[in-house]
Amino acid sequence: MDYSFNAIEAKWRQLWQERKTYQVAEDHTKPKFYVLDMFPYPSGAGLHVGHPLGYIASDIFARYKRLKGFNVLHPMGYDSFGLPAEQYAIQTGQHPAITTKENIARYRQQLDLMGFSFDWDREVRTSDPSYYKWTQWIFKQLFNAYYDTVANKALHIHQLIAQFESEGNTNVTAVHECEQLFDAAAWMAFSPAEKEGILQQYRMAYLAESWVNWCPALGTVLANDEIINGVSERGGHPVEQKRMMQWSMRIKAYAERLLESLNHIDWTDALKEQQRNWIGKSVGSSVQFAVKGADLQIEVFTTRPDTIFGVSFMVLAPEHPFVAQICTVAQTNEVQAYQQQAMLKTERDRQADIKNITGAFTGACALHPFTGQEIPIWIGDYVLASYGTGAVMAVPCGDQRDFDFAKHFNLSIPNIFANQDCTEAAYSEKDAIIANSDFLNGLDTKAAMEKAIAAIEAKGIGQGKTNYRLRDAVFSRQRYWGEPFPVYYQDGLPHLVEDALLPVTLPDIDAYLPTQDGEPPLARAAKEAWSIHLGERMEYNTMPGWAGSSWYFLRYMDPHNQEAFADPEKLAYWNQVDLYIGGSEHATGHLLYARFWTKVLYDLGFITFDEPFAKLINQGMILGKSAIAYIGPDQKMYSLDMLPASLDGFREVRILIDLLNDDDSIQLDALKAWQPQYTSQEFICNAHGKVLVKREVDKMSKRWYNVVTPDALCEKYGADTLRMYEMFLGPLEQSKPWDTKGITGVHSFLKKYWRLFYQNGHFELEDSQPSNIALKTLHKTIKKLTDDLDRFSFNTGVSSFMICVNELTEQKCNNRHILEQLTILMAPYAPHICEEIWSKLHPASAGILNAAYPVFDPAYLAESSFDYPVSFNGKMRFKVTLELSHAIEEVKDLVLARPETHKWLEGKTPKKVIVVHGKIVNIVL
RNA sequence: GCGGAUGUGGUGAAAUUGGUAGACACGCCAGACUUAGGAUCUGGUGCCGAGAGGUGUGCGGGUUCGAGUCCCUCCAUCCGCACCA
């Protein structure tokens, strides 16, 4: 009987749904296991074969854990706020909610085809008011929190206010930006506006000015990737750097904890390293340099206070607030011109372009704090306003960028290292002895640092300091399709909307664009359009994409709760995510923010764990294979093998891969029908009358015409085949190109597996005691499979099944026990076919996931002899089968006595013979 | 520029702890069955060589009895870099 996968899969999809096979609830009699996928943004293009890769892996693992007796939480939802829907709305006027709903429906349809064991009753959508009500609620907790450096955790802002009221802020131990000192009386005398202004400098969620990419023509802020070569991607308008009042999150307060607890989670070293670098801890010192003839102190942060005597100039970021004040009249034009120029560059451009050294002299000088020497103050765009203090003390002999700058502008490069030459390049190693440095002479870096910091502190011009590259996270977006803030303004001050009035829902507006005067789209909403309208106005910004995704894993635990973001008992039961699978592109965005919010919620007592994802695996990207055709100067399309030696005047065009035959030739009629420019295309065919294309690996994307969707493959080969093939492609973590051709191998394998159960066209199994050889095959497979699953090696798992089925076919095995055990092993990978077989084996069973996972017995694999590979100088020459009972010395003698050994010895005496028992023999000549 | 990853047959890959390189598939070649094949089955297939054999894991060095695996240098490709998600 044939393996009719379409019928089988449709049947089980329906039965699983009817029986609610994958619904879970808290069950204290079983150990819990939480398997999570990074939820998708539902784009208009639907899913391509790359998207489900991680979902298949996590589904296999979730099913495996269920078979192992765990209560498995395996949910799915949608990260459904985002720019693409908004852009589409701008173009068409269609409300993003409609687009989003349609896209989700399409995603769901595609996901259902693949047979995932998601508990869909727990679905969440970040754009659903019942969900973002709680995103707003969490924002409120952040607004009402500050970070106490002694308790080393976030505390409620009431505690801070109480302290202000009783003693002012002189003894406050909080992370803040408040430079003003006040006592209790002064605090009590402040106006509400003054009080709030001060509190903003302590709150975890606060309003402050930040630098943004402002596009005046579009009236909006742009992301770096919306800017191409300094102009907006849409429309090509100029973009400039601008300060703007924005909501921010004080994630910097958590820098040390985010760094430290990386040591306690099971993520790859690569990913942890990326987060460590992102947080960018550096230990050094702050130093103040007085400006000559002005009452100004320029503060710098340096990681090398030991090199302070090597300072020969200073560089400020072009945006540094002092620039205008210190610039001399003579230099004003040059400096302003340079500022203009720098303003047009994005930060990334400024960092990437180190070949073009640019800068301008302000005309002003600073005074060296120890020598009193005059130090010219320059501005240069290699210094970033957003890192450190936006100013550096330049030590050209010790820092390559400073060195290059000095060379370019002909500034002096004093050498402060004994026995190091600094005429050609800076010496940035930390192993030199300091010289020409007054009281630091003769010290090594470490000792010099300590002494320099002590001197700096003694002089009162700075202190030892730890700096982090991590910046506070900007939390406002001037967009429509995001969470509204639970905030209104009264007398110009932000106030929170009370809990009972949440959620503040998105008001309808007439166009999804900024207003004429550059206000965000929500400023267009009429008062009545808001679900709540308080004070003078509501907050017009919306939250960023990462707001909803920073806590969604918690909502899955209790998705319909209307009283809390989740029931504390359920939070305690499901606890951390045990396995999280998703793309590595989220390494420093989502994964850091989710850790941050988790820690805040932990500090405030809402959850009992302070890391969200105990174990994390990154799946690689599936790439597409584009089809590239060549069009000659004569406008004819040339077959790849008909191209002339010189391609002058030729252009490459990408054509839809669906228009190709298996041999990479174009279906010419289909091409002509595809796009109007090809309607009367002429071709230069090869000798076989074909037009071949070149295949090239690109990102899988609509724009390269190389997208392969799961739908058609499910239809043609079945979901089980597709699931196994995606796993078979290679290691989960690696990127790899998609090639549909290979899928037939996996499909044949499933057919071969199916045939094992059939004799003369009937489903028929024999019940006798299984043979030793079949038991050996089975147990070898059990061992390999469990080992592979434990290290998340899904591709080798599929190979093991193939080997097993090949061997059982060879053995003509039709034994019930063997095939039943194999079926349980395979159920996580190919759930439909295994469920179908299981239902034939056990018609009364509630489903294969209730079966017991096979247990490995090493007794079946015991061997008495081994094929020793015999190598000469490490090259394997022949094999000798020997009993494993032979000791090492006996093996050596037996091998040396062999005639083959004599042949390879070529009359020489072995210098050494190495025998590793049960592994190898190596004879050294 | 900074940070991370990856380089093994024609292709996707395997080799889990330093111990037989290329398992398992795709493709290709030869054959069987068939009216037919995008079905099924059998055999072969890293490269050079008629063969013996030589050679081979991005390049170049090193450690070791033994290196795809460890160390150093270089090269190439991909991903991220704070408002794409």
Side-chain angles (χ1 to χ4, degrees), chain A residues 38-41 43 79 81-84 87 212-213 220-226 246 268-271 273-278 280 347-355 382 386 401 469-479 482 544-546 549 583-590 592-593 618 620-621 623 662 697 699 725 728-731 733-746 748-749 751 784 787-788 790-791 793 795-796 798-803 806 867-879 910-914 916 919-925:
Chain A
M38 287 186 187
F39 62 169
Y41 173 81
S43 83
D79 187 15
F81 273 133
L83 259 193
Q87 297 292 7
V212 294
N213 299 312
T220 188
V221 175
L222 298 177
N224 276 331
D225 60 286
E226 293 177 287
Q246 308 251 21
T268 60
D269 289 336
L271 193 63
E273 199 54 28
Q274 284 185 69
Q275 290 217 341
R276 286 193 190 104
N277 287 321
W278 187 260
E347 242 178 45
R348 203 188 307 175
D349 288 341
R350 282 166 57 166
Q351 287 172 78
D353 184 13
I354 58 151
K355 287 188 189 101
Y382 77 100
S386 53
R401 287 167 308 176
R469 200 182 72 103
L470 181 71
R471 307 205 286 253
D472 278 351
V474 178
F475 197 69
S476 304
R477 297 293 181 267
Q478 291 69 46
R479 313 282 189 191
W546 56 269
S549 61
S584 63
E585 64 274 22
H586 301 283
T588 50
H590 160 60
L592 202 61
Y593 296 131
N618 287 129
M621 200 182 308
L623 304 165
D662 278 351
V697 175
K699 213 167 184 163
Y725 183 56
F728 186 64
L729 279 180
E733 304 88 334
Q734 247 168 59
S735 299
K736 53 240 158 188
W738 179 265
D739 187 354
T740 302
K741 282 179 194 156
I743 201 169
T744 54
V746 174
S748 309
F749 153 73
K751 282 198 252 185
K784 181 83 172 103
D787 286 356
D788 285 349
D790 288 343
R791 65 194 175 103
S793 176
N795 55 324
T796 52
V798 177
S799 301
S800 310
F801 287 127
M802 290 175 168
I803 293 168
N806 287 347
D867 272 2
Y868 276 95
V870 180
S871 304
F872 290 77
N873 288 337
K875 283 262 171 229
M876 204 280 284
R877 297 303 182 182
F878 55 87
K879 288 183 190 174
K911 283 189 188 138
K912 205 173 179 182
V913 178
I914 286 144
V916 181
K919 275 260 161 80
I920 196 169
V921 177
N922 190 19
I923 297 171
V924 187
L925 293 177

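By convention in this document, chain letters (A, B, ...) are assigned in the order of the sequence lines, proteins followed by strands, and residues within each chain are numbered from 1.
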K.L.:
Given B/G7, B/C24, B/G27, identify the nucleotide with an atom nearest to the side chain of A/Gln734.
P.N.:
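In terms of side-chain proximity for A/Gln734, the closest of B/G7, B/C24, B/G27 is B/G7.
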K.L.:
Determine which nucleotide pairs with B/G51, using a 3.5 Å limit on both distances of a Watson-Crick or G-U wobble pair.
P.N.:
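In the structure as shown, B/G51 has no Watson-Crick or wobble partner.
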K.L.:
Reckon A/Asp867 touches a base, only the sugar-phosphate, or nothing at all at heavy-atom distances under 4.0 Å?
P.N.:
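Nothing, no heavy atom under 4.0 Å.
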K.L.:
Check every atom of B/A85, B/A14, B/A5 against the side chain of A/His586 and return the nucleotide holding the closest atom.
P.N.:
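Nearest to the side-chain atoms of A/His586, counting from C-beta on, is B/A85.
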K.L.:
B/C79 C1' sits how many Å from A/Met38 CE, rounded?
P.N.:
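A/Met38 atom CE is separated from B/C79 atom C1' by 14 Å.
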K.L.:
Which base sits across from B/C2 as a Watson-Crick or G-U pair, both distances under 3.5 Å?
P.N.:
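Answer to the pairing question: B/G80, which forms a Watson-Crick or G-U pair with B/C2.
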K.L.:
Count the heavy atoms belonging to other residues, nucleotides or ligands that lie under 6.0 Å from CG of A/Asp269, then report whether that count exceeds 12.
P.N.:
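Open: at most 12 neighbouring heavy atoms sit under 6.0 Å from CG of A/Asp269.
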K.L.:
Among B/C24, B/A82, B/C83, which nucleotide has an atom closest to any side-chain atom of A/Met802?
P.N.:
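Output: B/C24.
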K.L.:
Please figure out whether A/Ser799 or A/Ser871 has its closest RNA chain B nucleotide nearer the 5' end.
P.N.:
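Taking each residue's closest nucleotide, the earlier one in sequence belongs to A/Ser871.
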K.L.:
A/Asp787 has a side chain; which of B/C83, B/U16, B/G3 sits nearest to it?
P.N.:
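It is B/U16.
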K.L.:
With both distances under 3.5 angstrom, what nucleotide forms a Watson-Crick or G-U wobble pair with B/U40?
P.N.:
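Its partner is B/A32.
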K.L.:
Determine which nucleotide pairs with B/G10, using a 3.5 Å limit on both distances of a Watson-Crick or G-U wobble pair.
P.N.:
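The answer is B/C26, by the H-bond criterion.
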K.L.:
If you draw a 6.0 Å radius around CZ in A/Arg401, do more than 12 non-hydrogen atoms from other residues or ligands fall strictly inside?
P.N.:
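No, because the 6.0 Å sphere around CZ of A/Arg401 holds 12 heavy atoms or fewer from other groups.
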K.L.:
Between B/U40, B/G4, B/A82, which one does the side chain of A/Arg469 approach most closely?
P.N.:
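Looking only at heavy atoms from C-beta outward on A/Arg469, the closest nucleotide is B/A82.
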K.L.:
I need the CE-C1' distance between A/Met876 and B/G22, as an integer number of Å.
P.N.:
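The distance from CE of A/Met876 to C1' of B/G22 comes to 13 Å, rounded to the nearest Å.
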K.L.:
Within the modelled atom types, does a donor on one side and an acceptor on the other bring the side chain of A/Lys784 and the base of B/U16 under 3.5 Å apart?
P.N.:
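Answer yes: a donor N or O sits under 3.5 Å from an acceptor.
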K.L.:
Side chain of A/Thr796, heavy atoms from C-beta onward: which of B/A15, B/G27, B/C24 has the nearest atom to it?
P.N.:
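Of the candidates, B/A15 comes closest.
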K.L.:
At under 4.0 Å between heavy atoms, what does A/Phe728 touch on the DNA or RNA strands: base, sugar-phosphate, or nothing?
P.N.:
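Here A/Phe728 touches the bases of the nucleic acid.
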K.L.:
Are A/Glu585 and A/Lys699 within salt-bridge range, i.e. N to O under 4.0 Å?
P.N.:
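Not counted as a salt bridge, because no side-chain N and carboxylate O are separated by less than 4.0 Å.
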K.L.:
Using a 4.0 Å heavy-atom cut-off, does A/Ile914 contact any base of the nucleic acid, only the sugar-phosphate backbone, or nothing at all?
P.N.:
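Contact class for A/Ile914: base.
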K.L.:
Rounded to whole angstroms, how far apart are CD on A/Glu585 and C1' on B/U6?
P.N.:
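Taking CD of A/Glu585 and C1' of B/U6, I get 16 Å after rounding.
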K.L.:
Considering only the C1' atoms, how many Å lie between B/A85 and B/G66, rounded to the nearest integer?
P.N.:
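The same atom, C1', in both gives a distance of 49 Å.
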K.L.:
Looking at the angle O4'-C1'-N9-C4 for a purine or O4'-C1'-N1-C2 for a pyrimidine, is B/G9 syn or anti, with syn meaning within 90° of 0?
P.N.:
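The base of B/G9 is oriented syn (glycosidic angle within 90° of 0).
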K.L.:
Do the ring planes of A/His586 and A/His590 sit parallel (below 30°), tilted (30 to 60°) or perpendicular (above 60°)?
P.N.:
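Taking A/His590 first and then A/His586, their aromatic rings stand perpendicular (interplane angle over 60°).
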K.L.:
Give none if B/C59 has no partner; otherwise give the nucleotide forming a Watson-Crick or G-U wobble pair with it, both distances under 3.5 Å.
P.N.:
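Check on B/C59: unpaired, no WC or wobble geometry under 3.5 Å.
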K.L.:
Classify the side chain of A/Gln246 versus the base of B/C83 as yes if they form a donor-acceptor pair under 3.5 Å and no if they do not.
P.N.:
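Side chain to base: pair present.
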K.L.:
Write down the distance separating the P atoms in B/C33 and B/C26, rounded off to the nearest Å.
P.N.:
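Straight-line distance between the two P atoms is 23 Å.
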